[in-house]
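Input: a single structure, listed below in structure tokens.
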Protein chains: 2
Amino acid sequence: MNILVTGAAGFLGRRLIEALLQRGSLTDRQGVKQIIRRIVAFDVVPLSGIEDERVQVVCGDIADPHVLKGLVSAETDSVFHLAAVVSSQAEQDFELGMRINFAATHNLLERIRSLGHCPKWVMTSSVAVFGGQLPAQVEDDQVWAPQSSYGTQKAMNDLLLADYSRRGFVDGRSLRMPTIVVRPGKPNLAASSFASGIIREPLNGQESVCPVPLETRLWLMSPAQAITNLIHGHELTDEQLKAGRVINMPGLSITVEDMIGALRRTAGDAVVSRIRLERNPAIEKIVGSWPGSFTARYAKGLGFTADHDFADVIGQFIAEYPPQGA
Amino acid sequence: MNILVTGAAGFLGRRLIEALLQRGSLTDRQGVKQIIRRIVAFDVVPLSGIEDERVQVVCGDIADPHVLKGLVSAETDSVFHLAAVVSSQAEQDFELGMRINFAATHNLLERIRSLGHCPKWVMTSSVAVFGGQLPAQVEDDQVWAPQSSYGTQKAMNDLLLADYSRRGFVDGRSLRMPTIVVRPGKPNLAASSFASGIIREPLNGQESVCPVPLETRLWLMSPAQAITNLIHGHELTDEQLKAGRVINMPGLSITVEDMIGALRRTAGDAVVSRIRLERNPAIEKIVGSWPGSFTARYAKGLGFTADHDFADVIGQFIAEYPPQGA
């Protein structure tokens, strides 16, 4: 089995590749378990640090159709399309967001359509497709009303993927991911970056700014859970997806205040004292437009799963990335 | 005031231009009534039969960015974007549908963004963006789940327009139109073509096939009502559209059986006997995925209006296009 992972050098991409290598096999479209022989790890910067002869690291511009031509062939059995620019970046640079978040997806789907072999495809969508007047808990039939260019681009991808799948050009699954927390590394331009930052930085002895009110409710998923669901999404059969290719993931619904409370119980008052509350209207506007809770009935019926306890999520992070400098 | 109408030689385009010429003025973005000085009537075939020095007929390929460059300038105050290929055509020819229904809209919006003057924009979307499990009456917060490439392309346009409007690139309004009935002329490749055909052909002494079950419920709007709503959509202020740029229009909810009943009362049994029931699974599948009724609360609050009596709609058609050969 040959797999393409886009956004391979990103946080989720790297973890997904590690998980696939460890797993060693995936199910093909015929429902047959196949040994993973090759993973093409594509990104704009090279994936480093994974030494495995099954992994082929490729760099390039994902929005360039010529690049895609070399990247995908009739031998490509499955695509995990994770490449994207994050929400605040897509908001600041409209053209970049349209190019990487939408045109690249469209071009990649077009390349696949031209080959005619209908590979499996798993991609990450986002709760940022929702906005406007929302119920306390969002149902699967809630209208999409993105309040950001990022959300717009993700919603357009979802529509495209659903139609390409309906027409048999690709066997697609789009997972509407909650905010992934706790991410390692540095803050990024995602409007949701603070949600990891208020846990990660204090644990590492650094100050972190919380730009939204404490009562803000977030819809979260841990990195490990995200990888489990991406692989689960791949393993579902065509037959199971009759009710649609775009799936609102289950998640953990929690307020920022309760996140901080879990951090206090796990790591103590001194760590929590490094969080500074300083509201940022631009971030508050984007994050505040995202729903804080979903029923995710369709996803649950399909066997997708969620984290249950935020203290466990913090514990996972500490185990994987032991605090430094605290 | 300078206006661009795309799809000008189409049925709605021609009627809209006639209505604009008769009206003589529209409201600009500042809320000031402006004399209509020029209407650029663009289509792939020339608009003929309208003799008015304010109308400039232009032909070309609407998906070609070079064509659009010549078509839209900073002097363009308002755009009515009606150009599209119809549903069955977009389903039969995927590339054509993507090119005319989506890429052209995107290119036209990009041309406008490059000019930076934020004109008004009114376009027609479609109830074909809905599908899947639907309630008897669709609310404004119903998720989009197109079951056709046409519906997908229209939904993508709606998302783009909303984001371009939010960012101030254009002052857009997308009207989700019901099926427009009774159209004059010949059947076309729209899956909904029969809805006009079962009225028009029998009135003109010809046989017409009804490809869907009699209990199929349709969501209809007369041509005159459609033009009224397109112009009303233009006249709304930016301020009134705070709750969104994509508006499900009000309409007339009626079964095919009741349409035929109205035809019988208006034109008699002999006319109705020319309707032949012959189900077509392909058309039935597309039409059956469209909702038969909407609350259209947002639209009604904004002052959009609907037809109330289908016999009146038939009467309008007979008055405008007196039956021939019956």
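Please read these numbers as outputs of a predicted model, since none were measured by experiment. Letters A, B, ... mirror the listed sequences (proteins, then strands); counts begin at 1.
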### A:D158 portion near chain B, given a 4.5 angstrom heavy-atom threshold
neither
## Note on the structure
Turns out that what part of A:A155 lies under 4.5 Å from chain B's heavy atoms comes down to both
### Query
Does any non-hydrogen side-chain atom of B:M98 lie less than 4.5 Å from one of A:L160?
yes
### Query
Is the closest side-chain heavy-atom distance between B:D141 and A:D141 below 4.5 Å?
no
#### Entry: Greater than 12 external heavy atoms within 6.0 Å of A:K300's NZ
yes
### Message
Does B:R297 have more than 12 heavy atoms from other residues, nucleotides or ligands lying within 6.0 Å of its CZ?
### Response
no
### Message
I'd like to verify something: which residue of B:G244, B:G151, B:S148 has the highest number of heavy-atom pairs under 4.5 Å with chain A?
### Response
B:S148
### Query
Which one of B:Q153, B:R113, B:Q133 has the most heavy-atom pairs closer than 4.5 Å to chain A?
B:R113
### Message
As an exercise: rank A:L134, A:V129, A:T152, A:V246 by heavy-atom pairs under 4.5 Å with chain B and give me the winner.
### Response
A:T152
### Task
Please lay out, stage by stage, how A:M156 and B:H106 fare under the test side-chain contact (heavy atoms from CB on, under 4.5 Å).
CA-CA 12 Å; A:M156 288 171 68; B:H106 189 191; 6.0 Å; no
#### Entry: Closest approach of B:S149 to A:D163 (non-hydrogen atoms, all atoms of both residues)
OG-OD2, 2.6 Å
#### Entry: A:R167 (side chain) donor-acceptor with B:E91 (main chain) under 3.5 angstrom
yes
### Summary
Honestly, the part of B:F94 sitting under 4.5 Å from a heavy atom of chain A is both
### Message
Can you classify the ring geometry of A:W144 versus B:W144 as parallel (below 30°), tilted (30 to 60°) or perpendicular (above 60°)?
### Response
tilted
